[in-house]
Every structure is written in C-alpha cells, then in structure tokens.
2 protein chains.
Amino acid sequence: MIEVPKSEMRPAPDSALSGFQRECINLFVHGAQILSIPRSIGEIYGLLYATAEPLPMEAIMERLGISKGSVSQGLRWLREVGAVRATYVKGDRRDHYEAETELRKLAGGFLREQIEPHLGNGGDYLSRLALEADRVHPAESQFAAERITKLKRWHRFTVRALPLFLRIVGRI
Amino acid sequence: MIEVPKSEMRPAPDSALSGFQRECINLFVHGAQILSIPRSIGEIYGLLYATAEPLPMEAIMERLGISKGSVSQGLRWLREVGAVRATYVKGDRRDHYEAETELRKLAGGFLREQIEPHLGNGGDYLSRLALEADRVHPAESQFAAERITKLKRWHRFTVRALPLFLRIVGRI
DNA sequence: CAGTCAGTTCAATTTGTCTTGAACATGATG
DNA sequence: CATCATGTTCAAGACAAATTGAACTGACTG
C-alpha cells in the first residue's frame, strides 16, 4: 500500500493565516507545552490572540485545520479558565470568541481551575499521612514526625503563596 | 476471556512498605501528577522521602516493584533536578540515595532545569514574532504592535519573577 | 412540523509518553 | 582474564492522552 506523505493529507490549513498569526500560534503552542496543555488549545488561543475580530468556531476550524470536536472542547476549556470570552455579534447567531489578554485573568483562571483543586486534595493526602504517623515503628517515629512537619510547612506555604502570587501578577 | 484484576497482576510490591511510606508515596505521586512528571519519579522520591536510611537502586526496585530501567532513569532525573543525592555508604560500592528535603533546592532545581530553558526559547519565539510585525497588513499593524508589546511585558515579567520567587521560597 | 444550523458529546482511533527488559558498558574481585 | 556486581541505554511494548468524526441535542426558520 502506498503511503500518502503527511504533508499532503490535509490541504495546507494555514493558507489563510498571516505570518504574524502563524508566529503567534507557534509561540502559544510552545507555551502550552510548558504547561502540559494540549497543543490544540495553544493553537486556538494563539489564533484568537493574533486576530482582531472575534471568530466563530467554524473559522477556527478551517484556519487551523482541526476538527470541530477539538475546537469545541478546546474552547470550553479556554472559557472555563477565563482565557477566552464569547462576544455577541449582531445578525449572527453563532458564538464569536476573542482572547482575554490580561495576564491577571489568564493566570488567575489557570491557577484557580488547575492548581487550587489539586492543592485541596493535597490537604487530604496530608491528613491521611498524619494518621499513619502514630502507627509508625517507635524507632522511626521521630523521623516520620519531622518529615510530616516539613510537608505541612510546604503545604501551608503554597496555599498562602498562591493569592500573594496572584496579587503580584495583577500589577502587570 | 477472563480479565485478571490489575491488583493481582504484579505480586504486591509494597509488602515491605510501612503505612507511613505508602501514604508518602501516594502524596508524591499525586504531586507528580500536578507537575506532569512521570508517576515512577513521584514513587521513587516518595519512598526516599519516607525512608531514613539511604537506599540503593535494588531496594527501590523491589519495594516499589518497578523495573531497573525506570529506577535508573528516574534517579537520573531526580539527581539532575537536585531532588535526590547519592551518599557514600562504607563497605558497599553501590550508590545509595536519599531525598533532598529543602524546598528551596527542590523548587530551585525544578525551575532551573525545567522552566528556565523554556523561557529562553520563549525569547526566540518572541523575536521571530517581532520580525513579522513589520510585514503585517497596515490596517492591522497597530493591533499587532499592541499584542507584541503585551507579550514582551509578560515575558519580561516572568523572567524577572523567577529569581524573586526563588528568593521567597528560600525563606521557608 | 421538516429542515437546517450551531454546538456538544463520546467511542474509536491516532499520537505521544512511560515503562520494561534485555543488551551493553564499567569496573571490581579472585 | 573470566566472572560477578552495579548501573546505563534504548528499542519494543504497554499505557495514557489528545484528536477525530459521526451521532446527537436543541433552537431557530420558513
């Protein structure tokens, strides 16, 4: 069976993209990698960041050459995190999306949605650990107690540092 | 076909683990998830964190029930990041590992190895983007310029915030 | 209503990452 | 040296996450 070269399998999706947009998308795809966020989300945000008018889903699909499902899911995530907002466009019942560009809101949403819930669980793990502290072999009990104390300190620190951090980011 | 329950597929690897150790490992596996670090690395660090004596690779393998390759690679990562150090144990030519427990070193190493390099690249992406700014359609040039300015501000902020952040973490 | 349009959902597939295990160093030991 | 002990590397396989596409929901329209 003959393999079709990948580059020909989709019609060049970025034909409609300006160089500025392409580089923007690049940049945000790279950013997404750092945060372990799906590539498609980086692409979508990058495109919106680089586009002056709000775009409907369809436009995103065809300019990026990704599926409707991906765009729908990606936009949901971006909405939840507050990285994107839907704006009304008169005479068009489709939703149109534009990028939220305030670092405060971006970082804030990301931390609130992605990190805070985990930190909450972190507390649960810690308390379950603390329960074991009593059951530990006497010879090790001091060691265990120290380690637990240290963990509690870390936890308290992160929980407190988050809002502080957000305040600093807010001043940009 | 009858499915073998996953819990029986490996001989219970944690037979040699205390409750304290198990909960510690749990906690760090969870932490690893947050940072998108491989589970096995969380397990290894968790075990070392919960163990008073330095452990050789072999002990880690059998207590966690993971392969030699995984442990070797996991330890390398942890060493590079400074989360673990090899200590000499007299009369034993094997390397013995113990956990580094200072948040300053952990966070510092992680940021230095995992984040900083990315930020460096970030600068490259940004400058390539800036090049496109001139080529952009006149009608959009002001929009593009604004967005680029904003990105540069973000970038400058993160680059400067990193050492500051580390200084704060250092005081814990 | 039947028919379109906009958007969501989710099972199946694709893609990418982690883990394994066997082969390969390296170096100590008799 | 041959052998054993310790540790690394890497291709192949197992696993997990992202993406697709088709089926679906609901809402508007003539």
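What you see below is based on every heavy atom in this structure, not just the backbone, and it leaves out hydrogens, waters and symmetry mates. A, B, ... follow the sequence lines: proteins, then strands. Residue 1 opens every chain.
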Look at the side chain of [X] and decide which nucleotide, out of [options], has an atom nearest to it.
X: S67(B); options: dA6(C), dT8(C), dG21(C); value: dG21(C)
X: I66(B); options: dT20(D), dG7(D), dT20(C); value: dT20(C)
X: S40(B); options: dG7(C), dT19(D), dT19(C); value: dT19(C)
X: M57(A); options: dT19(C), dG7(C), dT9(C); value: dG7(C)

Salt bridge (Lys or Arg N to Asp or Glu O under 4.0 Å), paired with R85(A), selected from E98(A), E102(A), E80(A) | E98(A)
Let me know which of R135(B), R128(B), R147(B) forms a salt bridge (Lys or Arg N to Asp or Glu O under 4.0 Å) with E23(A).
->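 Result for salt bridge (Lys or Arg N to Asp or Glu O under 4.0 Å) with E23(A): R128(B).
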Could you go through the side-chain contact (heavy atoms from CB on, under 4.5 Å) check for R79(A) and L75(A) one step at a time?
-> CA-CA 6 Å; R79(A) 249 164 17 222; L75(A) 282 173; 4.2 Å; yes
[N] [atom2] sits how many Å from [X] [atom1], rounded?
X: M61(A); N: dT8(C); atom1: CE; atom2: C1'; result: 13 Å
X: L55(A); N: dG7(C); atom1: CG; atom2: C1'; result: 16 Å
X: D95(A); N: dT8(C); atom1: CG; atom2: P; result: 7 Å
X: Y97(B); N: dG7(D); atom1: OH; atom2: C1'; result: 8 Å
X: I37(B); N: dC18(C); atom1: CD1; atom2: P; result: 10 Å
X: R94(B); N: dG7(D); atom1: CZ; atom2: C1'; result: 12 Å
X: E62(B); N: dT6(D); atom1: CD; atom2: C1'; result: 14 Å
X: I44(B); N: dC18(C); atom1: CD1; atom2: C1'; result: 12 Å

Given that G69(A) and P38(A) both sit by DNA chain D, which one's nearest nucleotide is further toward the 5' end?
-> P38(A)
What does R93(A) touch in the nucleic acid at a heavy-atom separation under 4.0 angstrom: a base, only the sugar-phosphate, or nothing?
-> base
Looking across every strand, which nucleic acid part, if any, lies under 4.0 Å from E58(B) by heavy atom: base, sugar-phosphate, or nothing?
-> nothing
Ignoring backbone atoms, establish whether S72(B) has a side-chain N or O less than 4.0 Å from OP1 or OP2 of dG7(D).
->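 Looking at the OP1 and OP2 atoms of dG7(D), neither is under 4.0 Å from any side-chain N or O of S72(B).
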May I ask you to decide if the ring planes of F28(B) and Y49(B) are parallel, tilted or perpendicular, using 30° and 60° as cut-offs?
-> tilted
Going by modelled atom types, is there a donor-acceptor pair between the base of dG7(C) and the side chain of K68(A) at under 3.5 Å?
->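 Donor-acceptor pair under 3.5 Å: yes.
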Enter the distance from E43(A):CD to I66(A):CD1 here, rounded to the nearest 0.5 Å.
->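 These two atoms lie 5.5 Å from each other.
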Nearest-nucleotide check on DNA chain C, R39(B) vs P56(A); residue mapping nearer the 5' end is P56(A)
